[in-house]
Amino acid sequence: MFDDGTPIYRQIADQIKAEIMNGSLEPGGKVMSTNQYAAFYQINPATAQKAFRELVDEGVLYKQRGVGMFVAEDARERLAADFRERFFERVLAPLVQEARQAGITLTDIIDYLEAQEGARK
């Protein structure tokens, strides 16, 4: 499951986020404890705890004392908004800048995208 390029705690957090986005983990659903994660993936419990703490800080998970960790009701919406923001910054902003340099107008881009969408239907 884990690769060498990204810290393990980040991979755990990303996996939980992916499970929320694909519906495997639903709002209000209980997630494995840090000790369960650590045992299942044979990692240090502190590593799992760091991932969970990050998700709690982001508002994706919440902790019920003595009960466990749960998916926040608005977790999917938060993650989708974060994805959109990162998509615009990482993909569209450089695209717009490059298009400007090439003399491609916003209308040209929209026309192209609409044609691609029409071709998919």
Side-chain angles (χ1 to χ4, degrees):
M1 169 184 169
F2 303 114
D3 65 45
D4 292 333
T6 307
I8 292 174
Y9 81 91
R10 169 93 327 260
Q11 292 178 60
I12 292 169
D14 289 346
Q15 177 190 353
I16 292 171
K17 288 177 180 181
E19 290 173 357
I20 292 168
M21 291 304 292
N22 72 25
S24 298
L25 288 173
E26 295 183 3
K30 188 173 183 177
V31 297
M32 281 194 281
S33 72
T34 55
N35 289 333
Q36 288 171 320
Y37 258 87
F40 186 80
Y41 292 111
Q42 298 179 349
I43 59 171
N44 186 321
T47 301
Q49 186 176 22
K50 187 172 183 178
F52 279 62
R53 187 177 19 217
E54 185 175 286
L55 293 169
V56 168
D57 290 347
E58 292 176 10
V60 174
L61 299 180
Y62 66 94
K63 185 183 219 176
Q64 279 191 332
R65 195 175 186 104
V67 181
M69 292 279 199
F70 297 85
V71 177
E73 292 299 323
D74 63 346
R76 194 168 201 290
E77 292 79 13
R78 283 176 183 263
L79 292 172
D82 181 56
F83 178 83
R84 274 192 299 277
E85 185 177 317
R86 285 185 290 119
F87 176 80
F88 285 119
E89 289 174 5
R90 190 174 26 100
V91 176
L92 290 184
L95 177 138
V96 169
Q97 184 177 9
E98 191 170 331
R100 270 194 200 121
Q101 291 172 347
I104 299 170
T105 68
L106 179 58
T107 302
D108 293 335
I109 294 170
I110 292 169
D111 290 346
Y112 177 82
L113 293 172
E114 286 175 343
Q116 293 302 308
E117 185 65 23
R120 295 178 76 201
K121 292 181 179 179

So [Y] and [X], do their side chains get closer than 4.5 Å, heavy atoms only?
X   : Y   : result
I43 : I12 : yes
K50 : I8  : no
V56 : M69 : yes

query: Would D57 and R53 pass as an ion pair if we require N to O under 4.0 Å?
result: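 No.
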
Applying the 4.5 Å side-chain criterion to the ILVMFWY set and letting contacts propagate, would [X] and [Y] be lumped into a single cluster?
X    : Y   : result
F88  : M21 : no
I110 : L92 : no
L55  : I20 : yes

Looking only at non-hydrogen atoms, find the nearest pair between [X] and [Y] and report the distance.
X   : Y   : result
P27 : E73 : CB-OE1, 3.5 Å
Q36 : S33 : OE1-N, 2.7 Å
V71 : L61 : CA-CD2, 3.9 Å
N35 : P45 : OD1-CB, 3.8 Å
A13 : A51 : N-CB, 3.9 Å
A38 : A48 : N-CB, 4.5 Å

- prompt: Rounded to the nearest 0.5 Å, what separation is found between the CG atom of L25 and the NZ atom of K17?
  reply: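 With rounding to 0.5 Å, CG (L25) is 13.5 Å from NZ (K17).
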
- prompt: Crowded around E26 CD? As in, over 12 foreign heavy atoms under 6.0 Å?
  reply: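 Not buried by this count: 12 neighbours or fewer within 6.0 Å.
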
task: Take atom CD of Q64 as the centre, draw a 6.0 Å sphere, and report whether it contains more than 12 heavy atoms from other residues, nucleotides or ligands.
output: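 Enclosed.
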
- prompt: With distance as the sole test, does K63 use its side chain to make a donor-acceptor pair with the main-chain N or O of F52 at under 3.5 Å?
  reply: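 No; zero donor-acceptor contacts below 3.5 Å.
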
query: Is there a donor-acceptor pair under 3.5 Å between the side chain of D82 and the backbone N or O of L79?
result: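 Answer holds: no.
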
message: Would you say N22 and S24 are linked by a side-chain donor-acceptor pair, where the criterion is simply a distance under 3.5 Å?
response: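 Yes, N22 and S24 have a side-chain donor paired with an acceptor closer than 3.5 Å.
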
task: Verify side-chain hydrogen bond (donor to acceptor under 3.5 Å, both in side chains) between Q11 and Q15, making sure each step is shown before the conclusion.
output: CA-CA 6 Å; Q11 292 178 60; Q15 177 190 353; over 6 Å; no

task: Kindly determine whether L95 and I109 satisfy side chain to side chain contact (heavy atoms under 4.5 Å, CB included), including the steps that lead there.
output: CA-CA 10 Å; L95 177 138; I109 294 170; 4.0 Å; yes

query: What residues form a salt bridge (charged side-chain N to carboxylate O under 4.0 Å, His left out) with D74, not counting sequence neighbours?
result: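 Partners of D74 under the salt bridge (charged side-chain N to carboxylate O under 4.0 Å, His left out) test: R78.
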
- prompt: Who passes ring-ring contact (aromatic ring centres under 6.0 Å, His included) against Y62, sequence neighbours left out?
  reply: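 Y62 satisfies ring-ring contact (aromatic ring centres under 6.0 Å, His included) with F70 once adjacent residues are dropped.
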
